[in-house]
Amino acid sequence: MKAARVHENDKIVIEDVPLPKLGEKDVLIKVYRVGICGTDVGVVHGYVPAKFPVTLGHEFSGTIAGLGSPLLGGFKEGDLVSAAGGWGCGECKFCRNGMVRFCKDRNSLGRTVDGCFAEFVRMDYRAVFKLPPNVVSDEGQNFLNIACVVRAFKKAPLQLGNRAVVFGTGNMGLIMLQILKITGASEAAAVDTIDFRLEMAKKFGANHVVNAITEDPVKLIPQWFPGGADVVVEATGNTSSFKKACAVIKPGGALINIGMYSKKLMEFDLSFLYEKEAIIYGSKGGEEGYEEAVELLAQKRLQITPMITHRFPLEETPKGFETFQDKTQNALRIIIEPSS
Ligand SMILES: [Zn+2]
Ligand SMILES: [Zn+2]
């Protein structure tokens with residue numbers, strides 16, 4: 001089968017590899033749609049740890065093509081599925097206490113085990129989720145991100161009528177914006193540096209948008225939301241954005257962090273933690289959000305397909321990654337289609 005793989009930093013190669021062999025707890029999935037994520041880009045360029053050589057990718061939809069043992073997980077051939085980004089060792093104290101995300105021996109798709117930028121992917125059946133019959137592969141590819149946003153969202157004490165701000169209106173930020181609006185934020189503001197994304201944010205319910213290159217969100221947001229925002233979401237992974245996000249939290253408000261940072265934060269005034277009794281929540285992965293993600297997809301509560309801006313066949317995966325990193329391309333969700 002064909003797979004998009006990394007043997008050395010900064011280079012993706014398309015190569016033929018053998019079909020994965022299944023252990024008794026494994027399923028084989030025929031991959032239809034894969035989304036490019038910032039983590040995949042980090043693996044290619046070496047700032048996200050990975051074991052090379054590896055097949056990239058962890059966000060996908062596909063159909064069951066084989067089972068390691070009969071009736072495994074209740075799956076049958078042809079079921080449309082998506083999956084968690086990996087699975088734990090099953091033995092450590094984190095795995096045994098429902099905190100697989102902290103497992104030191106976690107099998108991370110596209111990092112420590114072969115991922116889904118391939119015609120087929122092998123996974124432990126416990127990390128695989130069946131999607132309802134009214135969900136299509138274009139929607140299912142974003143399952144993991146929806147679960148991650150649900151997990152993060154559940155940490156925030158959002159009340160009806162609250163005001164929220166999302167810093168970073170990429171794929172995750174736009175899912176969060178939609179969830180904030182459908183769960184009762186009376187007003188939401190979106191901050192980004194790309195106008196195209198801010199236009200999308202307006203379509204998805206943002207009442208106010210600000211381009212942080214030309215205007216200062218720290219000045220504008222308190223004009224829209226006097227005293228600041230009840231809930232602030234940091235989804236950029238950029239440390240200067242994190243500083244600004246902290247500056248617009250209302251006294252007694254909270255910040256939820258879903259960004260991954262590769263740079264250090266220097267000279268940061270922490271007095272707001274005392275002055276505002278601000279709470280900062282970190283959130284990692286989609287655990288405890290998977291069931292709700294299935295429900296949200298089934299209920300068609302989120303606009304997922306309209307976020308897809310580019311599609312490439314598997315052979316053009318390197319071009320997809322170039323497009324992801326080219327900020328002039330007006331890219332949002334870039335999809336690779338190993339099968340159509
Ligand atoms: Zn991802
Ligand atoms: Zn473990």
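Reckoned from all heavy atoms, side chains included, excluding hydrogens, waters and symmetry mates. Note that ligands are numbered from 1 as they come in the structure, with each ligand's atoms numbered from 1 the same way.
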Inset, instruction - Return the set of protein N, O or S atoms whose distance to the Zn ion (ligand 2) is under 2.8 Å, each given as residue and atom. - result: C89 SG, C92 SG, C95 SG, C103 SG

Inset, instruction - Check the angle between the aromatic planes of F268 and F272 and answer parallel, tilted or perpendicular using the 30° and 60° thresholds. - result: tilted

Legend entry - Pairwise side chain to side chain donor-acceptor pair (under 3.5 Å) hits with a residue in residues 38-53, at least two apart: D10-H45, D40-H58, H45-Q325

Legend entry - Residues forming a ring pair (Phe, Tyr, Trp, His ring centres under 6.0 Å) with H208, sequence neighbours excluded: W224, F225

Legend entry - Which atom of E59 approaches the Zn ion (ligand 1) most closely (N/O/S): OE2

Inset, instruction - For D124 and N107, test the side chains for any donor-to-acceptor distance below 3.5 angstrom and give the result as yes or no. - result: no

Inset, instruction - Go through the side-chain N and O atoms of Q141 and R333 and say whether any donor and acceptor fall under 3.5 Å apart. - result: yes

Legend entry - CA sep, side-chain torsions, deciding dist, call: K154, E288, salt bridge (Lys or Arg N to Asp or Glu O under 4.0 Å): CA-CA 9 Å; K154 287 200 282 194; E288 296 158 19; 5.6 Å; no

Inset, instruction - Scan residues 216-233 for pairs that pass salt bridge (Lys or Arg N to Asp or Glu O under 4.0 Å), counting only residues two or more places apart or in two chains. - result: D230-K250

Inset, instruction - Could you tell me whether any N, O or S atom belonging to C148 is less than 2.8 Å from the Zn ion (ligand 1)? - result: no

